[in-house]
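The chain is numbered in sequence order, starting from 1. Please read these numbers as outputs of a predicted model, since none were measured by experiment.
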Amino acid sequence: MGSFAERVAEKVERSGPLVVGLDPHFDLLPPVLLEQFAPGEMTFEGLAEAVLAFGTSILEALAGEVGFVKIQMAFYEALGIPGMVALSRTIQRAKERGFLVILDGKRNDIASSAVCYAQGYLSEITAGGKSLRSFWDVDALTVNPYLGEDSLLPFFEEARKSGKGVFVLARTSNPSAPFIQDEGRKVRVFEKVALLVEDCAGRFFANGPVSSFGIVVGATYPEDLQYLRERFPRLLFLIPGVGAQGGAVEALRFAFLPGGLGALVNVSRDILFAYRKQGRENGEDFAERAREEALRYQKMLRSLMP
């Protein structure tokens with residue numbers, strides 16, 4: 001199967017570095033889907049069906065044009081069991097259509113709990129001498145580093161075993177991130193996170209120009225993005241913040257390594273809900289409008305790749 005980093009490089013070469021973030025905001029879903037799947041009184045089942053139809057339609061429209069999808073778990077977890085069923089079916093469809101799937105769950109814990117998370121999302125679980133492959137079986141998972149190195153090592157270990165990827169939150173895109181991430185007398189917190197991931201990448205993956213372990217770096221902080229790229233050339237960057245959050249595409253020229261490697265750029269609302277920007281109130285052509293916007297972003301990103 002090869003490493004996650006190798007699969008990313010191959011996919012970027014064919015389809016570019018764009019990651020479409022599948023964040024199905026309930027109040028932005030096309031009315032045409034709500035009318036079809038959730039008419040009358042709202043139910044968790046009906047809304048989950050609308051979310052599933054939305055996600056799979058987007059995937060069908062982007063297949064062959066975009067290589068990566070990042071699925072935000074929060075929107076599915078909010079819908080309980082129906083939502084988790086929709087998540088499973090969305091992941092399955094994405095893999096069937098050739099996408100590399102990043103699950104944005106920002107998971108973490110310590111000791112056996114961290115191991116259980118890591119095995120459940122990235123590798124396999126065992127009981128009585130038998131094993132079950134990961135139910136979710138995604139290609140990569142986002143992880144929170146707040147609890148320190150010992151909480152991250154299980155994710156790195158299970159990812160190494162199964163050829164999966166891990167993205168650790170470092171310089172996130174939200175406005176209040178500096179309150180914690182800029183702290184530190186000599187080394188800022190987000191730099192410490194990057195140093196930790198770099199060290200683990202060296203221990204688990206000695207070879208290769210880019211590691212399968214990476215960090216989340218927001219496009220909303222372009223100076224820090226440039227600094228981190230220069231300081232950590234082997235780390236894979238997952239870059240949110242472009243579009244609705246205000247991150248400028250031009251700032252991403254610092255993100256890429258030679259050959260266009262090293263960075264995946266996530267865009268969510270600007271692509272998913274492009275139909276709203278074009279005044280198409282019912283959203284009957286939401287998937288086609290999303291495809292057009294994705295191609296526009298893909299073209300811009302390719303122009304920045306060295």
Side-chain angles (χ1 to χ4, degrees), residues 18-28 68-78 102-110 113-114 117 121 140-152 155 165-198 200 213-232 235-255 262-273 276-277 297:
L18 176 65
V19 180
V20 172
L22 201 53
D23 301 9
H25 293 259
F26 307 135
D27 57 352
L28 299 181
F68 306 90
V69 61
K70 180 175 74 68
I71 304 176
Q72 173 51 257
M73 287 191 69
F75 294 96
Y76 298 86
E77 289 182 350
I102 302 168
L103 191 58
D104 194 357
K106 300 178 178 67
R107 294 302 191 251
N108 200 283
D109 213 311
I110 60 172
S113 298
Y117 271 136
Y121 286 110
L141 179 71
T142 60
V143 177
N144 193 316
Y146 185 77
L147 295 170
E149 178 179 346
D150 62 313
S151 72
L152 296 177
F155 293 93
V166 176
F167 288 102
V168 182
L169 305 182
R171 189 35 151 166
T172 57
S173 58
N174 53 304
S176 65
F179 179 75
I180 290 178
Q181 294 171 9
D182 283 9
E183 286 299 308
R185 293 182 179 180
K186 294 183 179 180
V187 182
R188 291 171 289 181
V189 169
F190 72 82
E191 294 179 69
K192 288 185 177 182
V193 172
L195 285 166
L196 172 58
V197 178
E198 180 186 51
C200 291
F213 302 157
I215 55 176
V216 176
V217 184
T220 46
Y221 298 98
E223 292 182 359
D224 296 330
L225 172 63
Q226 182 179 7
Y227 170 78
L228 288 167
R229 180 75 291 165
E230 294 170 354
R231 176 69 178 79
F232 301 98
L235 292 184
L236 183 60
F237 286 8
L238 177 60
I239 304 175
V242 173
Q245 287 184 279
V249 174
E250 293 75 19
L252 302 177
R253 67 183 184 276
F254 304 117
L264 299 176
V265 181
N266 180 82
V267 183
S268 300
R269 278 170 284 178
D270 258 19
I271 291 176
L272 296 184
F273 306 110
R276 293 171 62 90
K277 296 186 293 185
Y297 269 106

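Of all heavy-atom pairs between Y221 and P175, the closest is OH-O, 3.3 Å. Counting all heavy atoms, side chain and backbone alike, L225 lies closest to A251 at CD2-O, 3.8 Å. Counting all heavy atoms, side chain and backbone alike, A255 lies closest to I239 at CB-CD1, 3.5 Å. Looking at every heavy atom in both residues, F167 comes nearest to L264 through CZ-CD1, 4.2 Å. The two atoms that bring F232 and F237 nearest to each other are O-CE1, 4.3 Å, heavy atoms only. Closest heavy-atom contact between I215 and A170: CB-CB, 3.8 Å.
Side-chain contact between Y76 and P24 is present, with heavy atoms from C-beta onward closer than 4.5 Å. I271 places a side-chain heavy atom less than 4.5 Å from the side chain of L18. Annotation: side chain of V249 is in contact with side chain of V242 (closest heavy-atom distance under 4.5 Å). Proximity of H25 to D23: side-chain heavy atoms (C-beta onward) are separated by under 4.5 Å at one or more points. Using a 4.5 Å heavy-atom threshold, the side chains of V20 and L272 count as touching.
The structure places CG of L238 at 12.0 Å from OG1 of T172, a figure rounded to the nearest 0.5 Å. A distance of 7.0 Å separates OH in Y121 from CG in L141, rounded to the nearest 0.5 Å. Taking CG of N108 as the reference point, atom CZ of F155 lies at 5.0 Å (rounded to 0.5 Å). Summarising the geometry, atom CZ belonging to F190 is positioned 8.0 Å from atom CD belonging to Q181; distances are rounded to the nearest 0.5 Å. Rounding to the nearest 0.5 Å places CG of L196 at 11.0 Å from CZ of F213. Separating the CZ atom in R171 from the OG1 atom in T220 is a distance of 8.0 Å, to the nearest 0.5 Å.
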Evaluate the side-chain contact (heavy atoms from CB on, under 4.5 Å) criterion for residues R231 and E191: first the C-alpha distance (whole Å), next the side-chain angles of each, then the deciding distance (0.1 Å), finally the verdict.
-> CA-CA 9 Å; R231 176 69 178 79; E191 294 179 69; 5.8 Å; no
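A search for salt bridge (charged side-chain N to carboxylate O under 4.0 Å, His left out) contacts involving R229 returns nothing, not counting sequence neighbours. Not a single side chain to side chain donor-acceptor pair (under 3.5 Å) links E250 to another residue, sequence neighbours left out. The side chain to side chain donor-acceptor pair (under 3.5 Å) search around D104 returns K70, Q72, K106, T142, not counting sequence neighbours.
The 12-atom threshold is not exceeded at CD1 of I110, counting heavy atoms of other residues, nucleotides or ligands nearer than 6.0 Å.
The cationic group of R188 lies under 6.0 Å from the six-membered ring centre of Y227 and within 45° of the ring axis, placing it in a cation-pi geometry.
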